Structures are given as structure tokens and as C-alpha cells.
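Everything below concerns the one structure shown next.
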Amino acid sequence: MSSAIYPGSFDPLTNGHLSIIHNGLVAFDRITIAVLTNPKKQALFTVNERLEMLQEIFKDEPRIEVESFDGLLVDYARTKNIRVILRGLRAVADFEYELQMANMNRHLDNQLETVFIMAQDAYFYVSSNIVKEAAILGGDVSRLVPPVVATRLRAKLKTASSR
Ligand code: ADP
């Protein structure tokens with residue numbers, strides 16, 4: 001059975017991520033979505049909130065597993081016994097960063113391979129950051145994220161503004 005790890009911040013998951021996962025399921029039997037616990041990155045949603053949303057979104061998809069990890073991705077991949085990392089590529093801006101990461105991961109473990117899937121054109125310019133920025137300013141992002149995420153975003157921003 002072929003498996004891949006799709007690591008990321010997913011703060012929050014967007015339809016762009018979703019399209020990578022759906023296309024990834026054409027290539028792999030199983031995908032582990034791995035939320036990176038990164039204390040250096042300031043997040044809107046806690047790791048637990050992100051895991052809850054992901055679990056809700058993929059509750060009827062037995063080929064998807066949702067987990068969090070910290071530390072090195074290569075170590076996490078080794079403990080899972082998975083040799084493939086899945087990443088998405090958007091506009092050229094992603095390319096250099098992704099190339100660096102893939103090379104570093106290969107340097108740390110040459111048995112680990114990174115596979116890229118191109119973003120769907122509708123989501124080429126969609127990122128978690130741009131979605132958060134628009135939502136914080138009151139913009140309607142409901143066509144760019146799954147319904148669960150849109151609802152959680154609204155609730156999160158309401159409690160933040162009432163503080
Ligand atoms: P990270 O902090 O690791 O970049 P992200 O959650 O921002 O985590 O992204 C995880 C992966 O998903 C990255 O490979 C990123 O390029 C990809 N990705 C993010 N948004 C999109 C999108 N709209 N279309 C395709 N891939 C995307």
C-alpha cells in the first residue's frame with residue numbers, strides 16, 4: 001500500500017490544501033495529514049483546533065489520517081515508516097522554498113522523497129495567510145475554505161473582536 005505524509009501548518013486548511021489532498025489520493029492509497037506544531041509561527045488556530053477541523057472534514061474518508069508532529073519531519077516520517085512527503089506548488093513564489101525544504105529533507109534522509117502536486121488554477125493564489133487576512137478585515141472567504149473552517153473562522157474572529 002502506498003502512503004504519503006502531507007505536512008503543513010493548515011492554519012486553517014483551505015480549498016487549495018483540499019485539492020492537493022484529493023489529487024494526492026489519486027496517486028496514493030493513504031495520506032497522513034500532519035499538522036506541524038511550530039511554536040515559532042504565530043497561529044490563529046491552536047493545533048488542537050486545527051486537528052478537530054481536519055478530523056471533521058475527513059471523518060468519512062478512511063484513506064486519510066490526521067495527526068500532529070513536532071521536531072524534524074524526517075524523524076516523524078521514519079517513525080511512521082512512510083517514505084514520501086507530499087507538498088503542493090502554487091505560483092513560482094513557492095518554488096524556491098519548497099526546493100530548499102525538499103533538498104534539506106533529502107540531505108537528512110536520502111530514503112525520503114518529496115512529491116509535488118500543482119495547485120488547481122482556481123486556488124493558485126489561495127493561502128492560509130491571505131484567507132486569514134481577508135477574514136480578519138471582514139471579507140467573505142466562504143468559497144475558499146470548507147464550511148467547517150468558514151464557521152470556525154467566524155466564531156474565532158467574533159470572540160477575538162469581543163475581547
Ligand atoms: P507550511 O507552513 O508548511 O507552508 P501550509 O499549510 O501553508 O504549511 O502549506 C502546506 C502545503 O500546502 C505546502 O506545500 C503549500 O505549498 C501547499 N499549499 C498551500 N496552499 C495551497 C494551494 N492553494 N494550492 C496548492 N497547494 C497549497
Side-chain angles (χ1 to χ4, degrees), residues 3-28 30-58 61 63-77 80 82-109 112-136 139-150 152-153 156:
S3 301
I5 295 174
Y6 183 34
S9 309
F10 307 107
D11 182 42
L13 178 114
T14 68
N15 288 344
H17 293 122
L18 214 50
S19 77
I20 297 295
I21 294 162
H22 285 311
N23 292 331
L25 285 175
V26 176
F28 299 100
R30 284 182 64 84
I31 294 177
T32 300
I33 305 175
V35 179
L36 173 63
T37 308
N38 183 353
K40 275 198 294 192
K41 249 192 182 178
Q42 207 181 341
L44 180 65
F45 291 99
T46 66
V47 169
N48 267 345
E49 288 171 328
R50 284 178 256 163
L51 290 173
E52 274 170 22
M53 287 187 271
L54 288 165
Q55 267 145 8
E56 172 66 25
I57 292 163
F58 296 106
E61 181 44 90
R63 295 164 66 200
I64 297 284
E65 173 185 46
V66 175
E67 287 190 349
S68 63
F69 76 105
D70 53 21
L72 282 176
L73 179 59
V74 290
D75 292 336
Y76 172 68
K80 302 275 307 167
I82 296 179
R83 318 292 337 147
V84 180
I85 302 301
L86 176 65
R87 295 285 286 179
L89 274 184
R90 288 163 293 184
V92 280
D94 276 347
F95 185 76
E96 209 149 315
Y97 173 69
E98 292 291 342
L99 190 67
Q100 273 182 9
M101 294 263 294
N103 272 321
M104 178 51 88
N105 285 329
R106 195 187 261 161
H107 170 78
L108 295 173
D109 183 345
L112 193 68
E113 199 49 49
T114 305
V115 168
F116 294 99
I117 290 184
M118 296 296 294
Q120 277 181 20
D121 47 6
Y123 303 123
F124 230 74
Y125 296 101
V126 177
S127 67
S128 300
N129 279 343
I130 211 86
V131 162
K132 279 185 284 191
E133 276 176 32
I136 287 167
D140 176 12
V141 294
S142 56
R143 274 175 301 147
L144 302 179
V145 295
V148 178
V149 173
R152 289 279 196 124
L153 258 175
K156 175 69 95 180

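The first residue in the sequence is number 1, and the count goes up from there. This one's a predicted model, so the numbers in the text were calculated from it and none came from an experiment. Below, each value reflects all heavy atoms present in this structure, side chains not excepted, and no hydrogens, waters or symmetry copies. Numbering of ligands and ligand atoms starts at 1, following listing order.
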Top protein contact for atom 4 (O) of ligand 1, by heavy-atom distance: R87 NH2, 3.5 Å
Over 12 non-hydrogen atoms of neighbours within 6.0 angstrom of CZ in F124: yes
Check: R106 and M101 side chains under 4.5 Å, non-hydrogen atoms: no
Nearest-neighbour protein heavy atom for atom 8 (O) of ligand 1, which is reported as residue plus atom name and distance: S9 N, 3.0 Å
N or O contact, K41 vs ligand 1, cut-off under 3.5 Å: yes
Residue Y123 vicinity, atoms of ligand 1 by number, heavy atom under 4.0 Å: 22 (C), 23 (N), 24 (N)
F10 N/O under 3.5 Å from ligand 1 N/O: yes
Heavy atom of the protein closest to atom 7 (O) of ligand 1 (residue, atom name, distance): H17 NE2, 4.2 Å
Donor-acceptor contact below 3.5 Å, side chain T14 vs main chain G16: yes
Nitrogen or oxygen of T14 less than 3.5 angstrom from that of ligand 1: no
Per-atom contacts of ligand 1 with G16, taking only distances under 4.0 Å to non-hydrogen atoms: 22 (C), 23 (N), 24 (N), 25 (C)
Close N or O approach (S19, ligand 1; < 3.5 Å): no
Donor + acceptor pair across side chains of D140, S142 (<3.5 Å): yes
Under-4.0 Å heavy-atom contact with ligand 1, by part of Y6 that carries it: side chain
For atom 15 (C) of ligand 1, the option (of S128, S127, G88) bearing the nearest heavy atom: G88
Ligand 1 to D11 polar contact by distance, N or O atoms, under 3.5 Å: no
Proximity to ligand 1 by part of Q120, non-hydrogen separation under 4.0 Å: neither
side-chain contact (heavy atoms from CB on, under 4.5 Å) evaluation trace for F10 with I33: CA-CA 9 Å; F10 307 107; I33 305 175; 3.6 Å; yes
CZ/R30: more than 12 non-hydrogen atoms of other groups inside 6.0 Å: yes
More than 12 heavy atoms of other groups within 6.0 Å of M118 CE: yes
Per-atom contacts of ligand 1 with V126, taking only distances under 4.0 Å to non-hydrogen atoms: 20 (N), 21 (C), 22 (C), 23 (N)
Those atoms of ligand 1 less than 4.0 Å from some heavy atom in P7: 10 (C)
Numbered atoms of ligand 1 (with element) below 4.0 Å of I20, judged on heavy atoms: 25 (C), 26 (N)
Nearest-contact summary for atom 21 (C) of ligand 1 - protein heavy atom, Å: R90 CD, 3.4 Å
